[in-house]
Amino acid sequence: MTTTTTTATTAPVLAPVAAPAARRRRRSLAPGRRLPASRLVGPVLLLVVWAAASAAGRLDTAAVPAPWTVLRTAVHLWTDGTLATDILTSLQRAGAGFAIGLTAGVVLALVSGLSRVGEALIDGSVQLNRAIPTLGLIPLFILWLGIGETFKIAIIAIVVYIPIYLNTHAALSGIDHRFVELAEVQGLSRLAFVRQIVIPGALPGFFVGLRLGVTGSWLGLVVLEQINATSGLGYLMFQAQNYGQSDVILVGLLVYGIFGLVSDSAVRFVERRVLSWRRTLSN
C-alpha cells in the first residue's frame, strides 16, 4: 500500500508594507509673502532706538534733541504757518523740476533707443552730463539763469532726467530682437510696434529710473534751497543752523524723509499695478 504524502503549500507571508516616508516639504527659495507695511518697520525701529537713547540720557540734547522735542517744534512751526508755507514752496519747486526732468528723460530715451541717429546725437551727451557732478553746475547756471527760481528748477530737472533716461534707454536696448522680428512678420505699424512691444518692454527700467528721479529731486532740493532762498524747507534749515536750532533742522530732515518715503511708495504702488503681469520676487 503506497502512501501518498501531500505537501501543503503555504502562502508566503507578506511583511507589512512600511508607511511611506513623509515627504519633506520643499523649502521655498522665494522671499515669502509680503509683510503689511513692511517698509515702516525700519523707520519705526530707528525712532524707538532714538527715543530710548534720549530717555536714557545717552544723547546730547543740544546736538540731537529728543523725538518729543522735535514733535513739539514741528507742531509750533505748523501752528504759526511757517512750516506749511515752506512745505508748499518746496513741493512747487520739486514738482516743477520733476515734471520737466521726467518729460525730457522719457523723450530723449525714446529717440535715442529707437533710432541709431538719435543714439549718436543724444547718448554721448547724456553720458557726458552724467559724468559731471550736477551740483557742480550750480555756479554756471547762476550766471546763465540768475539766482532766482529758474536755476533751481533747472538743476532739479537735470538731477531727475539722467536716471530716467539711463534706465529707460537700457530697458529699450535690452528688448529681445526676436520680438522685433515677430512684429515685422505680423506686419505691425511703427505706432503699433511702439505700443505693443516697446512700451511694455521699457516699463520695468522706466520705473527704476522714476524711483531714482523722485529721490533725486528731494536730494537736490535740500542743497538748492540754501542758496539765496527766502522760503522752503532748505531755507528753514539754513536759518536754524545760524541760530543753533538743531530741533528745527531735524524737523526739516524728517519732512524731507517722509516726502521721499511717501513718493517712493507711491511709485512702487503704481509699478505693481501697471506691471502686475510680471511674476517676480517682489510680487
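No experiment lies behind these values; they were computed from the predicted model shown. Below, each value reflects all heavy atoms present in this structure, side chains not excepted, and no hydrogens, waters or symmetry copies.
Between Pro67 and Leu47 the shortest side-chain heavy-atom distance falls below 4.5 Å. Contact annotation: the side chain of Ser54 never approaches that of Thr61 to less than 4.5 Å [non-hydrogen atoms, C-beta and beyond]. Leu172 is listed as a side-chain neighbour of Leu110, based on a closest heavy-atom distance under 4.5 Å. Contact check for Val270 versus Phe207: side-chain heavy atoms found under the 4.5 Å cut-off.
Among residue pairs with one or both ends in residues 241-251, those qualifying as side-chain hydrogen bond (donor to acceptor under 3.5 Å, both in side chains) are Thr73-Asp247; sequence neighbours excluded. Sequence neighbours left out, not one pair with a member in residues 184-200 passes side-chain hydrogen bond (donor to acceptor under 3.5 Å, both in side chains).
Hydrophobic cluster membership is shared by Val274 and Val194, with clusters built from Ile, Leu, Val, Met, Phe, Trp and Tyr side chains linked at under 4.5 angstrom. There is no path of hydrophobic side-chain contacts, each under 4.5 Å, that joins Val223 to Leu212. Residues Phe238 and Val248 do not share a hydrophobic cluster, defined by chaining ILVMFWY side chains whose heavy atoms lie under 4.5 Å apart. Side-chain heavy atoms closer than 4.5 Å link hydrophobic residues (I, L, V, M, F, W, Y) into clusters, and following such links, possibly through other members, connects Leu140 to Ile156. Both Trp78 and Ile249 are members of a single hydrophobic cluster when ILVMFWY side chains are connected at heavy-atom separations under 4.5 Å.
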Checklist entry - Can Leu261 and Leu40 be said to form a side chain to side chain contact (heavy atoms under 4.5 Å, CB included), step by step? => result CA-CA 9 Å; Leu261 181 62; Leu40 297 179; 4.0 Å; yes
Checklist entry - For Arg116 and Glu119, what are the C-alpha separation, side-chain angles and deciding distance, and is it a salt bridge (charged side-chain N to carboxylate O under 4.0 Å, His left out)? => result CA-CA 5 Å; Arg116 294 301 182 189; Glu119 185 177 26; 3.1 Å; yes
Next on the checklist: Evaluate Val222 against Leu253 for side chain to side chain contact (heavy atoms under 4.5 Å, CB included), listing each step before the verdict.
Outcome noted: CA-CA 9 Å; Val222 175; Leu253 291 176; 5.6 Å; no
Next on the checklist: What verdict does the side chain to side chain contact (heavy atoms under 4.5 Å, CB included) test give for Ser263 and Val267, after you've listed the backbone C-alpha separation in whole Å, the side-chain angles of each residue and the deciding distance to 0.1 Å?
Outcome noted: CA-CA 6 Å; Ser263 56; Val267 173; 5.7 Å; no
Checklist entry - How far apart are the C-alpha atoms of Leu250 and Trp50, what are their side-chain angles, what is the distance that settles it, and do they pass the side chain to side chain contact (heavy atoms under 4.5 Å, CB included) test? => result CA-CA 12 Å; Leu250 285 176; Trp50 179 17; 4.0 Å; yes
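What you find for Leu188 and Phe193 is that their closest heavy atoms are CB-N, 4.3 Å. A pairwise comparison of heavy atoms in Ile147 and Lys152 identifies O-NZ, 3.4 Å as the closest pair. The two atoms that bring Gly201 and Ala171 nearest to each other are O-CB, 4.0 Å, heavy atoms only. Minimum interatomic distance between Leu275 and Pro204 (heavy atoms only, all atoms of both residues): CD1-CA, 3.9 Å.
A donor-acceptor pair under 3.5 Å is absent between the side-chain atoms of Trp68 and the main chain of Ala51, judged by distance alone. At distances below 3.5 Å, not a single donor-acceptor pair connects side-chain atoms of Tyr235 with backbone N or O atoms of Ile227.
Electrostatic pairing of Glu271 and Arg268 does not count as a salt bridge here, judged by no charged N lying under 4.0 Å from a carboxylate O.
Rounded to the nearest 0.5 Å, atoms OG1 (Thr134) and CG (Leu219) are 11.0 Å apart. Here CG of Leu108 is found 11.0 Å from CG of Leu121. Values are rounded to the nearest 0.5 Å. Rounded to the nearest 0.5 Å, atoms CD1 (Ile155) and CG (Leu145) are 8.5 Å apart.
In this structure Phe141 satisfies the ring-ring contact (aromatic ring centres under 6.0 Å, His included) test together with Trp144, sequence neighbours excluded. For Trp218, the ring-ring contact (aromatic ring centres under 6.0 Å, His included) criterion is met by Phe259, not counting sequence neighbours.
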Sequence neighbours left out, cut at 3.5 Å: what donor-acceptor pairs do the side chains of residues 81-107 make with other protein atoms?
residue	atom	partner	partner atom	Å
Thr82	OG1	Asp80	OD1	3.1
Thr85	OG1	Gly81	O	2.9
Asp86	OD1	Gly232	N	3.0
Thr89	OG1	Thr85	O	3.0
Ser90	OG	Asp86	O	3.1
Ser90	OG	Glu225	OE1	3.0
Ser90	OG	Glu225	OE2	2.7
Ser90	OG	Leu233	N	3.0
Arg93	NE	Glu149	OE1	2.7
Arg93	NE	Glu149	OE2	3.3
Arg93	NH1	Glu225	OE2	3.0
Arg93	NH1	Ser231	O	2.9
Arg93	NH2	Glu149	OE2	2.7
Thr103	OG1	Ala99	O	2.9

List, one per line, each side-chain donor-acceptor pair under 3.5 Å for residues 160-168, sequence neighbours excluded.
residue	atom	partner	partner atom	Å
Tyr161	OH	Asn129	ND2	2.8
Tyr165	OH	Ser112	OG	3.0
Tyr165	OH	Asp123	OD1	2.8
Asn167	ND2	Pro163	O	2.7
Thr168	OG1	Ile164	O	2.7

